[in-house]
Each structure stands twice: as C-alpha cells, then as structure tokens.
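See structure below.
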Amino acid sequence: MLKSPLLLSILLVLIPLSSSDPNPPTLAHAELTNYGFPIGLLPVSVQSHTLNQTSGEFFVHLGGACRLTLPPDNYLATYSNKIRGKIEQGRIAELDGIRVRAFFKWWAITGIRSSGDNLVFEIGMVTAKYPSKNFDESPECDGHKSAA
Ligand SMILES: *[C@@H]1O[C@H](CO)[C@@H](O)[C@H](O)[C@H]1NC(C)=O
C-alpha cells in the first residue's frame, strides 16, 4: 500500500531533474529553442518580443542597451535595445542589433546559423564557428542600466 505513493513521489522528484533542457527565461528564449538555437544567444533582460510565424520576422526588446562578454573567447558584445531579424529553422538572417568587438573594431553580426553542434556567426562575408554548448545559458548584461 505504501509503495506506490512513495514510488510516485520519487518519480515526481526525478522528472524535472532528468530533463536536460535548461528552463528558458522568457518566451523569446523558448522561441529560439523551437528554431534550433540555444537560449544563450539572448541575454536574460528580454522584455518582450514579436514573431511573425509566416515570414519569420522578429523583434526583441531588451530593457535598454546591453553589454556583455561572449564565451568562449570573451569577446565584448553589445545588444541594442531593439534586435530585429528573420528566423527560420537553424538560421537567423538580416540580423540587426548585435555587435562584437574584435581586432580593435566593432562588427555587426548579420546572421547566425545552427550547424550540427556548432553555431556559425556571420559578419558580412566572414564567418566564425563556435560550439553551441557555449551558449546553453542566457547571459546577464554587465551592470544593470535601465532604459534611458
Ligand atoms: C507576416 O508575414 C506575412 C508574409 O510576409 C505578411 O503577409 C503578413 O502581413 C505578416 N503579418 C503581420 C502581422 O505582420
């Protein structure tokens, strides 16, 4: 008689633990995973987003511009208050609002592709490949500036 409730409570404890998916902090992050991208591409400070399911056009509003450090090479990156682009399965194009600092300059990330276990970042014609697992966690913006 006592066995089944005990088993049930053990199962209830185990189920959340056995799920390998990290909990997406917002619906925008969940949307990223629906399209085959890790949640770490967006900082936690997402306030709202819109997505046209037909065209894939999206807008993400952060609570102000955001500066953070991207893994694994600690590139400095900035996110505009408003990020826009076009998303389809495994591909983000016409991206606007994310820039990275490299070779003493700021470069706009124009697209991101998911390729096997890697993410391919497009900076115009140039691409850079990083393991997706580096983006399993949604980063915090440096400092906590409120929107101007
Ligand atoms: C979504 O995209 C489709 C195709 O481009 C367009 O016809 C439609 O008007 C868009 N919907 C909204 C709400 O913007």
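Computed from a prediction, not measured in an experiment: that's the story for all the values here. In this chain, numbering begins with 1 at the start of the sequence shown. Quick note: numbers below take in every heavy atom, side chains included, and nothing from hydrogens, waters or symmetry partners. Every number for a ligand or one of its atoms is a count from 1 in the order of the listing.
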Would you list the atom pairs, donor with acceptor, under 3.5 Å between side chains in residues 122-129 and any protein atom, with sequence neighbours excluded?
residue	atom	partner	partner atom	Å
Glu122	OE2	Arg91	NH1	3.2
Glu122	OE2	Arg113	NE	2.7

| query | How are the rings of Tyr130 and Tyr75 set relative to one another: parallel (under 30°), tilted (30 to 60°) or perpendicular (over 60°)? | reply | perpendicular
| said: To check your reading of the model: name the closest protein heavy atom to atom 1 (C) of ligand 1, its residue, and the distance in Å. | reply: Asn52 ND2, 1.5 Å
| query | What do you reckon, are the aromatic ring centroids of Phe58 and Phe37 less than 6.0 Å apart? | reply | no
| said: I'd like to know if atom 9 (O) of ligand 1 has any protein heavy atom within a distance of less than 4.0 Å. | reply: no
| field | Protein heavy atom at shortest distance from atom 5 (O) of ligand 1 | value | Ser55 CB, 3.6 Å
| said: With salt bridge (charged side-chain N to carboxylate O under 4.0 Å, His left out) as the rule and sequence neighbours excluded, what pairs involving residues 99-109 come up? | reply: none
